[in-house]
Amino acid sequence: MNLERCPVPVALLLAVALITACGFRGPPPDESDVTVTDVDSLVEELRAAGATVEIAGQVSQPFFSVDGRVVSVNGSDVHVFQYESETAASEEAALVSPEGSTIGTSSVTWVATPHFYKAGRLIVLYVGDDDAVVTVLEEVLGPQFAGG
């Protein structure tokens, strides 16, 4: 074989062999592919998105079967309810009416606009009208499933 007549194919074969031998797997996964699985990962993802976040306490709501954590996001209270399983969280999320005014048999009058999000084992509730808080929650959790 005359290498002078086909230098590009030989060089290409050598490059492919070298890349394969070095274990090249492509670009690293995008950080936005990371999913929120619990309160700790939610806090981590919110901080990574640029929010100021602090665990601020606990909360109990009569319409959810688990107690929640109050997480301060940019100074606004966000209630985070963590369930034993995704199925349990989905079952309770299904009880929330599309506008968020009824949850199971409870009728709720909110002091501001409710925003309900679900991610894995979490139901996240933000009652407020701060666009920056809504934006960062949607960035991390995706679109709300109920509320305004």
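No hydrogens, no waters, no symmetry mates; every other heavy atom, side chains included, goes into these values.
Here the CD1-OG distance, from Ile123 to Ser90, works out to 8.0 Å after rounding to the nearest 0.5 Å. Annotation: the span from Thr37 atom OG1 to Leu122 atom CG amounts to 7.5 Å, rounded to 0.5 Å. Rounded to the nearest 0.5 angstrom, Asp38 CG and Arg69 CZ are separated by 10.5 Å. We find the NZ-CD distance between Lys118 and Glu86 to be 5.0 Å, quoted to the nearest 0.5 Å. The distance from the CG atom of Leu42 to the CG atom of Leu137 is 7.5 Å, given to the nearest 0.5 Å.
Residues Val78 and Val80 have side chains in contact (heavy-atom distance under 4.5 Å, counting atoms from C-beta outward). Contact of the Val59 side chain with the Phe81 side chain is registered, since non-hydrogen atoms from C-beta on lie closer than 4.5 Å. Side-chain contact between Ile103 and Phe64 is present, with heavy atoms from C-beta onward closer than 4.5 Å. Here the side chains of Val134 and Thr113 are not in contact, with every heavy-atom distance at 4.5 Å or above.
Residue Trp110 comes nearest to Phe116 through the heavy atom pair CZ2-CZ, 3.8 Å, listed as atom of the first residue, atom of the second, then distance. Contact detail for Gly120 and Ala89: the closest heavy-atom pair is O-CB, 3.8 Å.
Each of Gln58, His79, Glu54 was scored for a side-chain contact (heavy atoms from CB on, under 4.5 Å) with Val70, with one residue passing: His79. A side chain to side chain donor-acceptor pair (under 3.5 Å) with Tyr83 holds for exactly one of Glu91, Glu92, Arg121; it is Glu92.
At a threshold of 4.5 Å between side-chain heavy atoms, the hydrophobic network of Ile, Leu, Val, Met, Phe, Trp and Tyr places Val53 and Leu141 in one connected group. Side-chain heavy atoms closer than 4.5 Å link hydrophobic residues (I, L, V, M, F, W, Y) into clusters, and following such links, possibly through other members, connects Val96 to Val127. Val43 is connected to Val124 through a chain of hydrophobic side-chain contacts under 4.5 Å among Ile, Leu, Val, Met, Phe, Trp and Tyr, so both are in one cluster. Linking Ile, Leu, Val, Met, Phe, Trp and Tyr residues whenever their side-chain heavy atoms come within less than 4.5 Å places Val140 and Val39 in a single cluster. Val136 and Leu125 are members of different hydrophobic clusters when ILVMFWY side chains are connected at heavy-atom separations under 4.5 Å.
Between the side chain of Asn74 and the backbone N or O of Thr52 there is at least one donor-acceptor pair closer than 3.5 Å.
Between His115 and Tyr126, the ring-plane angle classifies as parallel under the 30° and 60° cut-offs.
Surrounding CD of Glu99 are more than 12 heavy atoms belonging to other residues, nucleotides or ligands, all under 6.0 Å away.
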